[in-house]
Amino acid sequence: RNAQGMTVVLFGATGDLAKRKLFPALYNLYLENKMPEAFSVVGLGRTPYTDDVFQTKVEQSLRTYSRRTVEEEGLHQFLSSFRYCTFDATETTSYVKLNGLIEQREQELEIPENRLFYLSVAPGLIDVITSNLNTSGVSQTSGWKRLIVEKPFGSDLASARELNQKLRIAFHEDEIYRIDHYLGKPMVQNLETLILVNPVLDSLFNHELIANVQITASETVGVETRAAYYDHAGAIRDMVQNHMLQLVMMTALHLPKKAQPEEIRSKKVEIMEALRPIQGENLQTDLIRAQYGEGDLFGIDVPAYREEPGVPHSSMNDTYIAARLFIDNEFWKGIPFYIRTGKRLDKKSTRIVFEFKERPAQLEDYRPEGLAPNLLILEISPNESISLQVNMKDPSANKFKPSTITFTTNSSNQPEAYELLLHDAMLGNATFFANWKEVELSWQWIQPLLEAFEENQLPLVTYAAGSTGPKEAKQLLANDHANWW
Ligand code: BG6
């Protein structure tokens, strides 16, 4: 149990994220005795609510979205930690009121001035909030203070830098926790130690053995009701700049021993620095940009992206990106990383696949039918598993066929990303948050692509909704005599 008391100050407490993820995360941590003995949660929003109404909203959220069933015992005590403060981010008087409420609760509960600020607000409000937090004294505490900030972290390199400077008005870098919920997925958090504790897997991490690495984040949902944001962001900003590049960094880490958080982060930075930019001619050959057309998803006709509510009919926005990447360091030299992510694909699956080389020397004079490469498959979500694809002889047909040995975690009730990440932030562990250098390097890497997209330097191809993606993405790998797994 986290012994020190603290206050969670939640900007955007009436929003969707709070309802679906944050209240349930706090509650599940509470049920698992991971919350401090005494804690206070102050929710902020523009809509006027009383504490009672707010607590009822929190309770409804738990009953609807909590992964653990709500337990009547202790529920009242949990809810009584919540207070609401009607808040206008641009009004200095709001901060005076907020400060009073936080202090009053700290005194009532006899807890130190440890304050965890969670910013789940429109990006345009961030600078006014951080500068007001600073001038009003809310963020000047005698205990620790930390800031969790949600994506999007800027919309290009310049705006990300600007946003970072704004945060730094009130917080030091080591007090800023930039959320990338992919880093909260349990399998991603396991990646580093999984290899370490399994000598067999570790031995597969061998430059001579790996043919390529494939990272897929495929979704079945379309743009949903988020056209206003998504049509400007596209898959490139929404998924590639953050989640996909974080997965690349985490996959490529390969640390020789249990590392300290700082070592992990500096290694991630090294990987980003070694990630070869896609530019010049490679823009045409190594990157596929696509948008979904109409199609059939699980037997239902679904509209093309351009026909979705709120999307302009002439939209040139990408809903799918595939790319071939190279990490120019000693270990990964010459081993391609293929990444792909898209909406309205045939299945929801995030996974990392290591494809291993064949052994040409051994197979030269022995090339039985049906052989496939060995694969190590790490399923990240929605299901978690580790599989190994091997070649087995099918006695009835007297030929080989690939078989898969799968280990699942066997737990249908895994902690959610937000739970793990909130808990880490409470404990001051920033390992699984994106630090500024990583974010800046990611934007730096993406920036030329954004500009090329802007100038329509590369085609925007289409794929049918419900398919596995555009044929051009298949060709990208076929050019290397590979295919997607
Ligand atoms: C979010 C993106 O960050 O991640 C969404 O904004 C996307 O567009 C989501 O759907 C995917 O997350 P998950 O956990 O469902 O793979």
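Read the numbers this way: they start at 1 and go in the same order the structure lists the ligands and their atoms.
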Side-chain contact, heavy-atom cut-off 4.5 Å: P415 with R67?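 The answer is yes, as the side chains (C-beta and beyond) meet within the 4.5 Å cut-off.
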Those protein residues which place at least one heavy atom below 4.0 Å from ligand 1: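 Around ligand 1, where the cutoff is 4.0 Å for heavy atoms, the contacting residues are K151, H181, Y182, K185, E219, R226, D238, H243, K343, K348.
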If the plane angle is over 60° it's perpendicular, under 30° parallel, otherwise tilted; pick one for Y338 and W484.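 Perpendicular.
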Among L247, L325, N212, the one residue meeting side chain to side chain contact (heavy atoms under 4.5 Å, CB included) with F337: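 The residue from L247, L325, N212 that satisfies side chain to side chain contact (heavy atoms under 4.5 Å, CB included) with F337 turns out to be L325.
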Between R344 and E219, is there a salt bridge with N-O shorter than 4.0 Å?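 Salt bridge flag = no for R344 with E219.
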Residues that K267 engages under side-chain hydrogen bond (donor to acceptor under 3.5 Å, both in side chains), provided they are two or more places apart: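 For K267 there are no side-chain hydrogen bond (donor to acceptor under 3.5 Å, both in side chains) partners, ignoring immediate neighbours.
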Indicate yes or no for a side-chain donor-acceptor contact from R146 to the backbone of M426 under 3.5 Å, with no hydrogens or angles considered.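 Yes; judged by distance alone, with no hydrogens or angles, the pair exists.
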